[in-house]
**Q** 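Before I ask anything, here is the structure I am working with.
Just so we're on the same page: letters track the sequence lines, and every chain starts at 1. On a predicted model such as this, the values are computed, not experimentally measured, just so you know.
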2 protein chains.
Amino acid sequence: MEKNVTTENVRAQMRKGVLEYCILLLLAKEDAYASSIINKLKEANMIVVEGTLYPLLIRQKNQGLLQYRWEESPQGPPRKYYSITQKGREQLEEMNNAWGEIVTTIENIKN
Amino acid sequence: MEKNVTTENVRAQMRKGVLEYCILLLLAKEDAYASSIINKLKEANMIVVEGTLYPLLIRQKNQGLLQYRWEESPQGPPRKYYSITQKGREQLEEMNNAWGEIVTTIENIKN
DNA sequence: TTTTGGTACTTTGTCTTGCAAGGTATTGTT
DNA sequence: AACAATACCTTGCAAGACAAAGTACCAAAA
């Protein structure tokens with residue numbers, strides 16, 4: 001059964017490829033915890049939900065791109081603050097290049 | 001000099017979100033058959049293999065974005081020429097917008 | 001003190017999709 | 001007939017996005 005393709009689906013599809021890139025971009029600027037990352041991405045029109053972000057952060061941590069520390073919250077449970085590692089910054093360098101190339105490639109195909 | 005594995009993974013990841021977009025962009029310019037599409041994308045640095053492209057073309061056809069006709073080949077078996085439909089062009093419009101927004105979003109996150 | 005509401009992190013199951021590998025089919029050449 | 005080149009298609013696996021449900025912590029209200 002083919003699903004009806006909506007505008008949202010198109011955007012969702014395109015977001016997938018750059019999600020990890022966005023996380024590293026954000027964390028390169030400042031440490032953050034999952035819920036705050038979701039809000040920042042939402043503000044930038046890059047919708048992500050918990051079920052996507054948490055496993056993604058764990059994957060990036062397991063790859064050595066991120067590390068985390070626990071911090072008390074003014075209200076509620078403690079927060080897991082993620083920060084980017086040296087390896088993460090190198091990966092981000094690669095991603096910057098890759099992103100630039102993709103953008104160029106699309107431009108080329110468009111002519 | 002060979003690029004390391006992770007670099008290739010990063011590029012592959014980012015390509016995923018825009019593959020369908022690239023197909024429609026190409027077919028909006030001229031009809032093409034699968035093997036030629038693979039070559040055109042390869043020239044544009046957007047590597048795709050048969051096992052990816054054939055199911056993708058079938059999906060897009062089932063969604064009404066593409067149609068096809070058989071044409072004799074000067075050498076070898078007949079070719080399945082795909083062309084974009086009206087619905088496909090409308091979808092392409094959406095994708096152009098979506099792509100523009102993603103590019104803008106990334107720029108925003110960078111700053 | 002129990003309940004409630006807000007915040008935060010985690011896991012499970014499903015669905016889609018990319019891809020390697022192998023298969024089928026047609027045509028021209030040896 | 002055998003082979004090479006071209007072209008299309010399928011299968012099985014793996015990764016990942018997401019909805020939904022679960023766990024846990026804290027503070028203020030009942």
**Q** Got a sec, which pairs hit ring pair (Phe, Tyr, Trp, His ring centres under 6.0 Å) with one end in residues 42-65 of chain A, sequence neighbours left out?
**A**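 Matches after skipping sequence neighbours: none remain.
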
**Q** How long is the line joining CD of A:Q60 and C1' of D:dA15, in whole Å?
**A**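 Computing the A:Q60:CD to D:dA15:C1' distance gives 14 Å.
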
**Q** Please give, in whole Å, the distance from C:dA20 P to B:I38 CD1?
**A**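 From B:I38 CD1 to C:dA20 P: 11 Å.
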
**Q** Round to a whole Å and report the spacing from CD of B:E71 to P of D:dA7.
**A**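 Checked: the CD to P distance equals 12 Å.
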
**Q** Please determine, for the side chain of B:Q75, which listed nucleotide (D:dA17, D:dC18, C:dG28) has the closest atom?
**A** C:dG28

**Q** Between the protein and nucleotides 8-12 of chain D, which nitrogen or oxygen pairs come in under 3.5 angstrom?
**A**
from: D:dC8; atom 1: OP1; to: B:K80; atom 2: N; distance (Å): 3.0
from: D:dC8; atom 1: OP2; to: B:S35; atom 2: N; distance (Å): 3.2
from: D:dC8; atom 1: OP2; to: B:S35; atom 2: OG; distance (Å): 3.2
from: D:dC8; atom 1: OP2; to: B:Y54; atom 2: OH; distance (Å): 2.8
from: D:dC8; atom 1: O5'; to: B:Y54; atom 2: OH; distance (Å): 3.3
from: D:dC8; atom 1: N4; to: B:E50; atom 2: OE1; distance (Å): 3.3
from: D:dC8; atom 1: N4; to: B:E50; atom 2: OE2; distance (Å): 3.4
from: D:dC9; atom 1: OP1; to: B:K80; atom 2: NZ; distance (Å): 2.4
from: D:dC9; atom 1: N4; to: B:E50; atom 2: OE1; distance (Å): 3.2

**Q** Where is the tightest heavy-atom contact between B:L92 and B:A28, given as atom of each residue plus distance?
**A**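 Where B:L92 meets B:A28 most closely, the heavy atoms are CD2-CB, 3.6 Å.
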
**Q** In chain order, what residues pass the salt bridge (charged side-chain N to carboxylate O under 4.0 Å, His left out) check against A:R59, with sequence neighbours excluded?
**A** none

**Q** To the nearest angstrom, how far is A:N62 atom CG from D:dG16 atom P?
**A** 12 Å

**Q** Counting neighbours of CD on B:E107 that are heavy atoms of other residues, nucleotides or ligands and sit closer than 6.0 Å, is the number greater than 12?
**A**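 For B:E107, atom CD is crowded (more than 12 foreign heavy atoms under 6.0 Å).
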
**Q** Would you kindly compare A:E72 and A:R15 by the position of their nearest DNA chain D nucleotide and give the one closer to the 5′ end?
**A** A:R15

**Q** Output the rounded distance in Å from CE (A:M46) to P (D:dC18).
**A** 11 Å

**Q** Distance check needed: D:dG16 C1' versus A:L53 CG, whole Å only.
**A**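 Whole-Å distance recorded here is 13 Å.
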
**Q** Give, for atom CD of B:Q60 and atom CD1 of B:I84, the distance between the pair rounded to the nearest 0.5 Å.
**A** 8.5 Å

**Q** Give a yes/no answer on whether the side chain of A:R59 brings an N or O atom under 4.0 Å of OP1 or OP2 in D:dG16.
**A**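 Yes.
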
**Q** Closest heavy-atom contact between B:K29 and A:I109?
**A**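 Looks like NZ-O, 2.8 Å.
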
**Q** Want to settle it: does B:A12 or A:N39 sit nearer the 5' end of DNA chain C, counting the closest nucleotide to each?
**A**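 Comparing both residues, the 5'-ward one is A:N39.
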
**Q** Once you round it to whole Å, what is the distance between C1' of D:dG16 and CD1 of A:I23?
**A**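 Going from A:I23 (CD1) to D:dG16 (C1'), I get 14 Å.
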
**Q** Using distance alone, with no hydrogens and no angle criterion, decide if A:Y68 and A:D31 have a side-chain donor and acceptor under 3.5 Å apart.
**A** no

**Q** Whole angstrom is fine here: how far is it from NZ in A:K61 over to P in C:dC9?
**A** 14 Å

